[in-house]
Amino acid sequence: MHRSLLSFLMAPEGGGALTLTVSKQDGDEVLEGTLTDAAGRVYPIEDGIPRLLPTELLEAQRSEIAARDAQVVDYDRMTFLNLFGKIEIPLTLKLLSSRPDDRLLEGGCGTGRMSQILGRGVKEMVAIDFSFESLRVNRKKLIEAGVTNVHLVQADLCHLPFASGAFTRAVSCQVLEHVPGEEARRGAVSELSRVLKPNATLVLSAYKHSLFTRLFGQKEGAHDGGIPFFRFTMREMKELLGTCFRVESITGILVYLYISRCKKH
C-alpha cells in the first residue's frame, strides 16, 4: 500500500478517516500494518494490500469469496476468457477513453486480467476485489511487470472504502452480475457513482440474458462453488444504471455480455 492512498481512503463502515499504523515498510510502500477507523474497528494490511471489507457481508458474498479464493489458480487458465479478452479488452479501453491525468477505479480486478493494460494509460489506478488470494496473484504480476501506479485494495463493491469524488473514471467488467440481489446491485451502482467526480465516465459490463440463455440457460443461479449470477435484459441494465448515471450506450455485441458507457449525473 502506497502511503498516498491514505489521502482518499475511508472506512467501509460509516465512512470517516482511517489511522495508519505501520509494522513493516519498504520506502513509501507499507507492507504490513493496520488501518483503524473512528469506531475502533481495525483493518489489516497484509502483503501490501489493505483489507477493507465491511464486517457485515451477505452469506452469498462470503460463499463467493471462498470460491474465488479456491479457484484462483484456475482462473488464468480459462481458455475461453483469455480468447474473449482479445475482443473485450480493446472495446473496453475504447469506451473508457482514459487520459494521462486520470485516477481510475477498477471495480473487481480478480487476478489482473485487465489491470496492467488499464493502468498504463492513467496517472494512478486503484484495483479492488474481495478475493484476497486473487489480489495477491495480481500484485505478483504487477511487481514482475514493474507497474508502480496501481494500488490494490480488498474491498466490496457495495461498500467502497474511498472518499466521494475520488476518481475521474471507473471500469467494472463482469462483476455486477455476481452481486447477489437487486438491492445490493443498486447499492453497488450507487457506490460507483458516489466515488466518481461529476460527469465522470463509467464503463461497465455484465451478463446478457440473450436468446440462447432464454432457451438453454438460467436467468439467475449459481456457478460452481456457489458463485451467484444474474443475467440482465437490456431494459434491466438501462434502468439499473440510470438510477445514478446517464447511459450513453449499451452494446450486446460481445455475445454473452452487455457493455455500457455512462456519465455520472
Side-chain angles (χ1 to χ4, degrees), residues 78 80-129 138 142 147 149-152 155 157 160 162 165-179 185-186 188-210 213 229-265:
M78 294 181 181
F80 171 75
L81 195 59
N82 291 328
L83 290 172
F84 185 73
K86 295 183 183 300
I87 302 170
E88 178 194 14
I89 294 173
L91 179 55
T92 300
L93 290 172
K94 180 180 178 180
L95 292 171
L96 190 61
S97 302
S98 297
R99 300 172 306 202
D101 61 344
D102 276 327
R103 178 187 285 162
L104 172 65
L105 173 66
E106 183 185 9
C109 61
T111 59
R113 187 169 66 96
M114 294 187 176
S115 298
Q116 290 182 45
I117 298 170
L118 290 169
R120 285 177 192 155
V122 298
K123 180 180 179 181
E124 185 176 29
M125 186 174 98
V126 178
I128 71 157
D129 204 277
N138 198 343
L142 292 168
V147 177
N149 69 328
V150 177
H151 310 288
L152 298 176
L157 199 64
L160 292 173
F162 308 111
F167 298 94
T168 56
R169 293 181 196 270
V171 60
S172 183
C173 294
Q174 300 188 52
V175 177
L176 190 62
E177 66 265 25
H178 300 302
V179 176
R185 288 190 287 271
R186 286 182 177 273
V189 171
S190 177
E191 278 291 270
L192 285 168
S193 173
R194 181 185 63 79
V195 301
L196 283 169
K197 293 183 181 297
N199 207 41
T201 297
L202 167 70
V203 173
L204 184 144
S205 66
Y207 284 0
K208 171 184 177 182
H209 193 38
S210 64
T213 58
F229 70 82
F230 178 88
R231 294 189 171 105
F232 291 88
T233 65
M234 175 74 81
R235 179 179 177 180
E236 288 168 338
M237 276 287 286
K238 284 183 177 178
E239 287 182 351
L240 178 56
L241 294 173
T243 58
C244 298
F245 292 90
R246 182 175 73 255
V247 181
E248 294 188 332
S249 66
I250 298 181
T251 176
I253 196 172
L254 295 182
V255 185
Y256 81 103
L257 289 179
Y258 284 122
I259 184 166
S260 59
R261 174 186 164 95
C262 310
K263 289 283 189 178
K264 178 178 174 176
H265 288 315

Problem set entry | side-chain contact (heavy atoms from CB on, under 4.5 Å) between Thr168 and Asp101, intermediate numbers included | CA-CA 9 Å; Thr168 56; Asp101 61 344; over 6 Å; no
For this session: Decide if atom NZ of Lys263 counts as having more than 12 heavy atoms of other residues, nucleotides or ligands within a radius under 6.0 Å.
Result: yes
For this session: State, with a plain yes or no, whether a side-chain heavy atom of His151 is found less than 4.5 Å away from one of Glu124.
Result: yes
For this session: For Ser115, enumerate each residue passing the side chain to side chain donor-acceptor pair (under 3.5 Å) test, keeping only those at least two apart in sequence or located in another chain.
Result: Glu106, Asn138
Exercise. Quick check: does any side chain N or O of Lys197 sit under 3.5 Å from a backbone N or O of Gly165, one acting as donor and the other as acceptor?
Worked result: yes
Exercise. Do Met237 and Val247 come close enough that some side-chain heavy atom pair is under 4.5 Å?
Worked result: no
For this session: Output yes when Arg113 and Glu88 qualify as a salt bridge under the 4.0 Å nitrogen-oxygen rule, no when they do not.
Result: yes
Exercise. Where the side chain of Thr251 meets the backbone of Ile259, is there a donor-acceptor pair that is under 3.5 Å apart?
Worked result: no
Seminar exercise, completed: Heavy-atom nearest pair, Arg185 first then Leu176, reads CD-O, 3.7 Å
Exercise. About how many Å separate OG of Ser210 and CZ of Arg231, when rounded to the nearest 0.5 Å?
Worked result: 7.5 Å
Exercise. How far apart are the closest heavy atoms of Lys238 and Ile250, and which atoms are they?
Worked result: CG-CD1, 3.4 Å
Exercise. For the atom pair SG (Cys244) and NE2 (His265), what is the distance rounded to the nearest 0.5 Å?
Worked result: 7.0 Å
Problem set entry | Spacing of Glu248 atom CD and Ser260 atom OG [to the nearest 0.5 Å] | 10.5 Å
Problem set entry | Minimum heavy-atom distance between Val122 and Asp102, given as atom pair plus value | CB-O, 3.6 Å
For this session: Carefully, step by step, assess Phe162 and Phe167 under the rule ring pair (Phe, Tyr, Trp, His ring centres under 6.0 Å).
Result: CA-CA 9 Å; Phe162 308 111; Phe167 298 94; 5.3 Å; yes
For this session: Please name the pair of heavy atoms, one in Ser172 and one in Leu157, separated by the smallest distance, quoted to 0.1 Å.
Result: OG-CD2, 4.3 Å
Exercise. What distance do Leu202 atom CG and Arg246 atom CZ have between them, rounded to the nearest 0.5 Å?
Worked result: 12.5 Å
Seminar exercise, completed: Between the CZ atom in Arg169 and the CZ atom in Arg99, the distance rounded to the nearest 0.5 Å is 4.5 Å
For this session: Just jot down the side chain to side chain donor-acceptor pair (under 3.5 Å) partners of Gln116, sequence neighbours excluded, or say none.
Result: none
Exercise. Closest heavy-atom contact between Leu241 and Cys262?
Worked result: CD1-SG, 3.8 Å
Problem set entry | Close side-chain approach of Phe245 to Leu196, heavy-atom, < 4.5 Å | yes
For this session: Examine distances only and state if a side-chain atom of Arg261 and a backbone atom of Ser249 form a donor-acceptor pair shorter than 3.5 Å.
Result: no
Problem set entry | For Cys109 against Asp129, the heavy-atom pair lying closest together | N-OD2, 3.3 Å
Exercise. With a 4.5 Å heavy-atom cut-off, do Cys173 and Thr92 have their side chains touching?
Worked result: yes
For this session: Let me know which of Phe230, Phe229, Tyr207 forms a ring pair (Phe, Tyr, Trp, His ring centres under 6.0 Å) with His178.
Result: Tyr207
Problem set entry | Reported OH-to-CE distance for the pair Tyr258 and Met234, which is rounded to 0.5 angstrom | 4.5 Å
Problem set entry | Within-4.5 Å side-chain heavy-atom neighbours: Val171 and Thr201 | no
